[in-house]
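The next block holds one structure in the form of structure tokens; read it before the comments.
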Amino acid sequence: MATKGQHVIPTGDKWSVRRAGASRASGTYKTRKEAISRARELAQSQKTELYIHGTDGRIRERSSYGCDPHPPKGS
């Protein structure tokens, strides 16, 4: 997890929110939806990225809440 930002990852039958590079989760939640909500709050306040992993551990979704190095045209 070398990518800067907040990651939502499966942990057994629960979901964890972990900052990139951190050894421990900042929180563990019963549902993926709860974990995503908390991770989104953290990413927005820290102006970083949000990475949502699937049950297989691979990144499924990504959102940027910081300075996007590749903003859409017209911005």
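Numbering of residues begins at 1 and proceeds along the displayed sequence. On a predicted model such as this, the values are computed, not experimentally measured, just so you know.
- For Arg40, the side chain to side chain donor-acceptor pair (under 3.5 Å) partners two or more places apart in sequence, or in a different chain, are Tyr65.
- Glu61 is linked by a side chain to side chain donor-acceptor pair (under 3.5 Å) to nothing, counting only residues two or more places apart in sequence or in another chain.
- Closest of all the heavy-atom pairs between Arg60 and Gly54 is CG-N, 3.4 Å.
- Using a 4.5 Å heavy-atom cutoff, the side chains of Arg18 and Arg24 are not in contact.
- In this structure, the side chain to side chain donor-acceptor pair (under 3.5 Å) partners of Glu34, at least two apart in sequence or on a different chain, are Thr31.
- Using a 4.5 Å heavy-atom threshold, the side chains of Val8 and Leu50 count as touching.
- Of the candidates Ile52, Ile9, Thr55, Ile52 is the only one forming a side chain to side chain contact (heavy atoms under 4.5 Å, CB included) with Arg32.
- Ring geometry for His7 versus His53: interplanar angle of 30 to 60°, hence tilted.
- Nearest heavy atoms, Trp15 versus Ala35: CB-CB, 3.7 Å.
- Residues Gln6 and Ala43 come closest through the heavy atom pair CG-N, 4.0 Å.
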